[in-house]
Chemist: 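One structure, pasted below without further comment.
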Amino acid sequence: MNTINIEHLCYYYDKVQALDDVSLSVIEGEIHGLIGPDSAGKTTLMRILCGLMPTQEGKVSVLSLDSDDFMQIRSLIGYMPQRFSLYQDLSVAENLKFFARLFNVPAGERDKRMQDLYAFSHLEEFSGRRAGALSGGMKQKLALSCALIHRPRLLILDEPTYGVDPVSRQEFWQMLKQIQGDGTTILVSTPYMDEAELCDRVSLINGGKILESDTLTNIRSKWNRKVFSFSAPNLKQLFGVLEPLAESCQLFGNEIHIVIPNASAAQSLDIIKSRVEGIKYRYEEIESSMEDIFLSYMNPGVWRVS
Amino acid sequence: MSIRVLFSFVKKEIKQIFRTKEMLILMFGAPLLQLLVLGFTVTNEVKHIKLFIEDRDNTELSRAMCEGFKHTDRFDLVQQQRGESSTIMIQNWEAQLVVIVPQGFGRELRQNRKPDVQFITDGLDGNSAAVSLGYAQGIVARFIQSMLQESRQKYPFTALSSMPSQVIVSQRMWYNEDLNSAQYMVPGIIVILITIISMMMSAMSLVKEKEIGTLEQLMVTPASKIELLLGKLIPYWVIAMFEISAVTFAAHFIFRIHFTGSVAEMALAAGLYLMTTLGIGIFISTITDTQQQAMFFSWFMMIFMILLSGLFVPVQNMPYLIKKLTLLNPMSFMLAITREVIIKGTPLRYMFREVAALTLYGFVTFFLGVTRFHKTTK
């Protein structure tokens with residue numbers, strides 16, 4: 001049973017189309033990553049799932065409920081918006097209690113859950129501190145705790161690690177894995193390609209369209225391309241040679257990554273070798289990263305993998 | 001609607017109010033300051049007019065008349081500097097009113113020849129000039145009157161006693177015998193204060209939720225919008241009601257303005273009026289995105305409401321069209337009720353028109369505010 005089913009969803013802000021025929025499913029129990037750059041339509045999609053915006057075209061069902069039943073959906077899901085949006089002038093404990101009450105968590109149950117959440121977020125020693133005085137990473141943990149206070153079956157997180165330091169990011173992902181272990185399905189959006197590796201399945205989204213939606217392994221094999229990393233003292237000259245031959249050619253630090261279809265890889269490499277004679281260079285085949293894949297999807301003319 | 005959810009909204013709101021220093025100052029410090037400053041300064045009374053009397057007659061009668069100017073706090077007698085004429089005194093701001101009693105005043109009066117007395121006043125401040133002239137004329141008239149009575153008894157057959165009796169206007173200022181402006185202003189200040197608290201504060205606190213993103217967080221909870229709105233508004237309603245009582249008490253001790261009407265009826269009127277202002281507050285919050293905008297907007301509304309309320313300029317004195325415009329202003333009705341109830345103790349049943357208007361505005365505005373809030377948030 002899929003936790004989320006979206007079929008042919010479109011959304012327009014006046015004349016601007018934010019979502020274009022989006023079809024997507026999130027399988028129960030998985031961490032599903034929604035990967036895409038800013039303004040790809042991630043937030044719009046998530047807000048529709050929470051019932052914060054109407055379904056204009058298409059069909060959305062969350063936990064087998066139609067999107068029109070958003071009041072019922074809301075009591076079963078936890079949503080953490082991109083911006084920290086808890087009460088800065090209330091303390092950690094007060095924020096938790098307030099949201100517990102809004103989600104109708106019984107009073108006896110509440111204290112136990114707060115203890116569980118403290119154990120997992122390590123926020124107990126800050127329980128009396130005002131939320132506004134917390135560090136960025138702790139704010140994220142508190143927001144996550146508030147979204148979890150009613151034990152939701154589905155957690156929707158909008159760029160939860162945006163602007164958080166790498167250590168806190170790692171910690172945050174460990175917490176997500178733990179939540180998943182308790183049987184909660186998680187839909188998380190992120191602009192960071194490396195976080196895609198931490199998801200069970202990902203959907204690549206750009207310009208309101210879902211480009212691909214699968215496990216990372218499947219996306220890689222479907223992608224059917226090889227990535228080579230070139231390095232040379234004179235990168236600029238090398239770049240000029242490589243660019244017209246490769247499907248995608250990107251500068252990564254002092255390396256150039258090129259993408260070549262599997263089928264023509266050997267042939268292309270021969271051509272490259274013949275063209276760059278006289279220039280000192282090294283190259284090696286590397287494993288394709290999410291970033292390589294995403295960038296090549298963004299490249300017009302390579303929309304679909306043959 | 002769940003009472004527990006509503007209660008937790010109220011609790012949260014009150015905590016937030018009492019933790020925000022600016023809110024506290026605005027809600028509890030500002031009203032007292034306003035009461036004191038406006039109560040003492042906004043006044044139409046004219047007192048301590050600098051008066052110079054040039055008695056060229058200097059007889060028993062003229063001196064007796066001038067005596068009347070000395071026993072009132074309306075006038076402060078000033079002395080003439082050597083060699084200075086009375087016109088110079090007015091020019092130099094040493095006198096605001098000059099009374100010139102001509103030579104032969106006493107004699108002419110005795111012979112019933114209607115002597116002239118000259119008043120010269122500084123007309124720059126027209127209001128003060130007119131009022132002080134009125135006082136001065138009153139004093140002279142009273143002197144003549146008392147003198148007539150006296151001489152009729154003493155010398156029944158003299159020319160003076162044969163002067164025809166005049167109509168005597170006897171003035172009584174009911175409800176405010178001393179024409180004390182604080183009596184008139186303070187009820188108005190009470191109305192302004194509760195308007196600020198309810199309209200501006202509620203708009204700002206609602207917009208704040210929007211501004212910092214908590215509104216969106218609340219929207220994804222199963223709590224309903226009506227619980228959210230009521231939970232936010234009830235604290236301001238209660239605080240405004242408290243503030244009315246506090247300011248009324250303060251007015252009692254500071255300005256000796258005694259609450260003569262029914263407290264329950266005042267509370268009823270205030271409760272209805274607050275529905276209007278809270279409704280406007282919700283409305284403002286739906287058309288603004290930041291607290292700053294909400295504050296500007298509220299002030300904009302406030303200025304129109306105050307000017308069209310009859311606080312400074314009585315509604316009867318306004319031009320026809322403007323007078324009609326005040327009918328759209330709930331504050332003008334509330335002001336009328338507050339003045340009547342506090343000062344005159346008028347029962348509400350004699351102000352059916354005002355109460356009906358407040359009820360209508362209260363329910364319509366609140367309904368429109370809530371509806372618009374529903375539409376603009378999902």
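Below, chain A is the first sequence line, B the second, and so on; all start at residue 1.
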Chemist: Keeping the roles fixed (side chain from B/Arg4, backbone from A/Arg101), state whether a donor-acceptor pair exists under 3.5 Å.
Modeler: no
Chemist: At a heavy-atom separation under 4.5 Å, does A/Gln72 approach chain B through its side chain, its backbone, both, or neither?
Modeler: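 A/Gln72 has no heavy atom closer than 4.5 Å to chain B.
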Chemist: Can you tell me how far CG of B/Leu218 sits from CG of A/Leu102, rounded to the nearest 0.5 angstrom?
Modeler: 6.5 Å
Chemist: Passes side chain to side chain contact (heavy atoms under 4.5 Å, CB included), A/Asn104 versus B/Val5? Steps please.
Modeler: CA-CA 8 Å; A/Asn104 295 313; B/Val5 171; 3.8 Å; yes
Chemist: Only pairs of heavy atoms separated by less than 4.5 Å count here; which of A/Phe99, A/Phe84, A/Phe98 has the most with chain B?
Modeler: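 Sorted descending by pairs with chain B, the first entry is A/Phe98.
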Chemist: Counting only heavy atoms not in B/Phe28, do more than 12 sit closer than 6.0 Å to its CZ atom?
Modeler: yes
Chemist: Rounded to the nearest 0.5 Å, how far does CD1 of A/Ile149 lie from OG1 of B/Thr221?
Modeler: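 Going from OG1 on B/Thr221 over to CD1 on A/Ile149, the span is 13.5 Å.
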Chemist: Tell me the closest heavy-atom pair linking A/Asp89 and B/Lys208, and the distance in Å.
Modeler: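 The answer is OD2-NZ, 3.4 Å.
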Chemist: How about A/Tyr118: does its OH atom have over 12 heavy atoms from other parts shown lying under 6.0 Å from it?
Modeler: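 More than 12 heavy atoms, drawn from other residues, nucleotides or ligands, come within 6.0 Å of this atom.
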Chemist: Contact part of B/Glu227 toward chain A, heavy-atom cut-off under 4.5 Å: side chain, backbone, both or neither?
Modeler: neither
Chemist: Just to be sure I understand the criterion: a residue of residues 9-22 of chain B counts if one of its heavy atoms is under 4.5 Å from a heavy atom of chain A. Which ones qualify?
Modeler: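 Residues B/Phe9, B/Lys12, B/Lys15, B/Gln16, B/Arg19, B/Thr20 are the ones that qualify, each having a heavy atom under 4.5 Å from chain A.
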Chemist: Going by residue number, which parts of residues 280-299 of chain B are within reach of chain A, meaning a heavy-atom gap below 4.5 Å?
Modeler: none
Chemist: Grab the two heavy atoms, one from B/Val220 and one from A/Arg74, that are nearest each other, plus how far apart they are.
Modeler: O-CB, 3.3 Å
Chemist: When heavy-atom pairs shorter than 4.5 Å are enumerated against chain A, which of B/Ser224, B/Pro222, B/Ala223 gives the highest number?
Modeler: B/Pro222
Chemist: Are side-chain N/O atoms of B/Gln217 and A/Tyr79 paired as donor and acceptor at under 3.5 Å?
Modeler: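 No, no side-chain donor-acceptor pair sits under 3.5 Å.
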